[in-house]
Every structure is written in structure tokens, then in C-alpha cells.
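All figures in this text were calculated on a predicted structure; none of them were measured in a lab.
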Amino acid sequence: MFKFTFHLRNLFIILGGFLYLSWPLGWLWYPSFFQAPTFYLSELTALSQPTSWVFRTADFLSGLLILLAVSLVLLKFPNRSQAGASLVKVLWAGMGLFGLATVLDSFFPMSCSPTAEAICNQKFLDFSRPITDTVHEFTSSFAQLGIITVLFTALVFLFSQRYAHAKSSRYAFPKVFLAIRIFTLFALSTSLLLAAAPFVSFLPMNIVQPLGVTTWALWIALCSRFFFPLLSIENTALPDNPALYGTVLND
């Protein structure tokens with residue numbers, strides 16, 4: 001049962017991450033959109049776009065799978081206290097917020113695309129627009145808050161002494177963990193740039209947002225599983241050995 005749960009949460013998080021990476025389809029279908037510096041990826045899901053359902057379906061499935069993975073992690077979280085447990089719980093709570101906000105994003109898309117339609121009004125918090133536009137602004141903001149929480153917590157965890165991995169881990173390669181540290185720092189940096197882009201005119205949204213969303217999707221699919229807590233307390237650490245996160249279940 002433990003192994004089945006481990007592989008299931010692995011499958012959910014990997015699929016959820018890659019499904020979030022649907023924007024390249026928009027680049028193939030609407031290349032002119034990506035030439036506008038103020039273009040938002042959310043415009044691909046706008047109700048006025050004929051292919052809106054493709055991107056909204058991908059977002060819904062991505063968020064749902066991430067929520068399922070988070071549920072498996074938190075429901076099976078070890079009762080035994082381990083160093084760094086609070087950080088890991090915060091990380092997965094942030095991931096849950098991201099997944100939930102992504103699901104809600106799919107139900108509350110933008111009503112129109114300002115890049116494609118000159119008469120489209122997408123002024124921030126303009127309540128004269130359809131309610132779905134205002135709700136979309138909030139759900140997108142919560143998704144950003146969730147992923148920034150995940151990446152910041154992961155970075156604190158990775159650069160602290162609380163992070164350790166069991167020798168039996170199939171992923172226990174020092175170069176891999178160095179790569180995760182570097183990529184996590186890069187992903188957090190792009191996330192902060194993306195958060196600032198709407199308020200800083202010299203940051204082109206058509207470049208910053210695809211870069212940020214891509215790093216989110218890849219981090220979720222490829223790196224988040226290193227923060228799964230052990231499902232078994234076999235071979236657990238002695239008191240002087242820190243956490244056992246970032247490991248897989250022993251075969």
C-alpha cells in the first residue's frame with residue numbers, strides 16, 4: 001500500500017506539472033500574440049478565443065492532479081516528528097493553494113483578449129467588467145502566491161542543515177541536488193520578476209510570463225518529488241541524523 005501511494009503521488013505530480021505547460025500550443029496557434037509585450041498567457045483561455053477550452057481543460061487537469069498529489073502527501077504525512085517537517089508541510093500547503101487556484105482559473109477565465117480585441121477592457125480591478133475577469137485576477141494572484149511559497153520554502157530547506165537524504169535513495173546524487181538548488185533559485189527569481197512585471201514597464205510580459213510558467217511547470221514535475229516525506233519509518237534517522245525528506249520508499 002505504501003509503495004502504491006508513493007508511485008501514485010509521483011504520477012500525479014509529474015502529470016500535473018507537465019499539463020500546466022500548455023502555452024507552447026498557443027505559440028503555435030497564435031504566434032502574433034507573443035509579439036505583443038503586454039500579452040498575458042491567460043488570454044489563451046479567454047472565452048472569446050475558439051481554442052479556449054483546450055487551455056482551460058489543461059489547467060483544470062493540472063490543478064486537479066496537483067491537488068490529488070498534495071492530498072496523498074498530507075494524508076500520509078509521517079506522525080513521527082522529523083527535522084524540517086514544518087517546512088515541508090508549508091511547502092505542500094503552498095502547492096495545494098497553487099493547485100486549487102489553477103482549478104479555479106479554469107472556471108473563471110478572462111472574457112476577452114486585449115491583444116486580439118481592441119475593445120477588450122482588462123484594466124486591473126475594473127468592476128465594470130464581467131465578474132469572471134475580476135475573479136480570474138484573484139485566482140491567478142493566489143496561484144502565484146502558492147508557487148512563490150513553494151519555491152521560497154524549498155530554497156530555505158535546501159540551503160539549511162535540515163536537508164539530508166537517505167543513502168538508500170535512488171535519487172541520492174550530489175550533482176542532482178546541486179542542480180535542484182540552482183534551478184529552485186532560478187525559478188524563484190523568475191517568479192518574483194513575473195510578480196513585478198505588471199507594475200514595471202520595462203519587463204516584457206510576453207517573455208517574463210512564459211519563462212516563469214515554464215519554470216513552475218518543470219519544477220513541479222521534476223523537483224517537487226524530492227520533498228515527499230518517507231511513507232515508511234523503516235531505517236529512520238538516529239537523533240543526530242537530520243531529516244529523511246527527498247527520498248524514495250525503500251524497495
Side-chain angles (χ1 to χ4, degrees), residues 9-27 34 39-45 54-71 73 87-88 90-106 108-110 136-158 176 179-198 200 203-228 246:
R9 67 186 186 181
N10 236 340
L11 177 65
F12 287 161
I13 204 70
I14 291 172
L15 289 178
F18 282 119
L19 277 170
Y20 196 70
L21 198 57
S22 62
W23 72 261
L25 288 175
W27 183 80
F34 288 80
F39 170 69
Y40 283 82
L41 292 181
S42 292
E43 295 180 51
L44 297 173
T45 67
V54 175
F55 300 101
R56 285 188 287 121
T57 300
D59 282 352
F60 172 76
L61 292 175
S62 172
L64 180 62
L65 288 168
I66 289 171
L67 279 175
L68 290 173
V70 171
S71 299
V73 169
L87 280 175
V88 174
V90 170
L91 186 153
W92 286 104
M95 189 73 79
L97 176 61
F98 175 81
L100 177 61
T102 300
V103 169
L104 293 175
D105 257 352
S106 69
F108 298 98
M110 296 169 66
H136 181 81
E137 288 175 348
F138 282 102
T139 55
S140 296
S141 298
F142 279 118
Q144 272 193 302
L145 176 63
I147 198 67
I148 289 174
T149 300
V150 168
L151 295 171
F152 179 78
T153 307
L155 203 62
V156 171
F157 195 68
L158 286 168
V176 171
I180 293 174
R181 288 184 174 95
I182 293 172
F183 186 61
T184 302
L185 180 60
F186 175 74
L188 180 60
S189 300
T190 59
S191 299
L192 295 176
L193 278 177
L194 178 54
V200 182
L203 288 175
M205 186 62 70
N206 62 330
I207 295 176
V208 175
Q209 193 176 30
L211 177 62
V213 168
T214 300
T215 57
W216 296 353
L218 293 178
W219 196 93
I220 291 169
L222 303 177
C223 300
S224 62
R225 60 198 178 116
F226 289 94
F227 297 89
F228 287 155

* Contact summary for Thr139 and Leu104, nearest pair of heavy atoms -> CG2-CB, 3.6 Å
* Side-chain heavy-atom pair Leu61, Leu15 within 4.5 angstrom cut-off -> no
* To do: Using the test side-chain hydrogen bond (donor to acceptor under 3.5 Å, both in side chains), find all partners of Ser42 that sit at least two apart in sequence or belong to another chain.
  => His136
* Asked: Between Trp92 and Phe228, how do the two ring planes meet: parallel, tilted or perpendicular, split at 30° and 60°?
  -> parallel
* Spacing of Leu218 atom CG and Phe186 atom CZ [to the nearest 0.5 Å] -> 10.0 Å
* Structure fact -> Rounding to 0.5 Å, atoms CZ (Phe60) and CG (Leu65) come to a distance of 9.0 Å
* Sub-3.5 Å donor-acceptor pair from the side chain of Arg225 to the main-chain atoms of Ile13, do we have one? -> no
* **Heavy-atom side-chain proximity of Thr149 to Leu97 below 4.5 angstrom** => no
* Check whether any side-chain heavy atom of Leu194 sits under 4.5 Å from a side-chain heavy atom of Thr190, and report yes or no. => no
* To do: Output the distance between atom CD1 (Ile148) and atom CG (Leu155), rounded to the nearest 0.5 Å.
  => 13.0 Å
* Heavy atoms from other residues, nucleotides or ligands near CZ of Phe142 exceed 12 (cutoff 6.0 Å) -> no
* Asked: If you look at every heavy atom in Leu151 and Ser191, which pair is closest and at what distance?
  -> CD1-OG, 3.4 Å
* With a 4.5 Å heavy-atom cut-off, do Ile66 and Tyr20 have their side chains touching? -> no
* Asked: Below 4.5 Å, heavy atoms only, C-beta onward: do Phe12 and Val70 meet side chain to side chain?
  -> no
* **Aromatic centroids of Trp219 and Phe227 separated by under 6.0 Å** => yes
* Which pair of non-hydrogen atoms, one from Ala154 and one from Thr184, has the smallest distance, and what is that distance? -> CB-CG2, 4.1 Å
* Is any side-chain heavy atom of Trp216 closer than 4.5 Å to a side-chain heavy atom of Gln144? -> yes
* Between Phe226 and Leu158, is any pair of side-chain heavy atoms under 4.5 Å apart? -> no
* **Approximate separation, where rounding is to 0.5 Å, of Arg56 CZ and Leu44 CG** => 12.0 Å
* To do: Evaluate whether atom CZ of Phe34 has more than 12 neighbouring non-hydrogen atoms of other residues, nucleotides or ligands under 6.0 angstrom away.
  => yes
* **Exam field: side chain Ser62 to backbone Ala58, donor-acceptor pair closer than 3.5 Å** => no
* Structure fact -> Looking only at heavy atoms, the pair that brings Val150 and Leu91 closest together is CG2-O, 3.3 Å
* Stepwise side-chain contact (heavy atoms from CB on, under 4.5 Å) check, Thr45 with Ser106 -> CA-CA 8 Å; Thr45 67; Ser106 69; over 6 Å; no
* Asked: Taking all non-hydrogen atoms of both residues, which atom of Ile14 and which atom of Ala221 are closest, and how far apart?
  -> CG1-O, 3.3 Å
* Contact summary for Val208 and Ala197, nearest pair of heavy atoms -> CG1-CB, 4.4 Å
* CZ on Arg9 to CG on Leu68, rounded to 0.5 Å -> 14.0 Å
* Please check if any side-chain donor atom of Thr102 sits under 3.5 Å from a side-chain acceptor atom of Asp59, or the reverse. => no
* To do: Measure the spacing between CG of Leu41 and CH2 of Trp23 and express it to the nearest 0.5 Å.
  => 7.5 Å
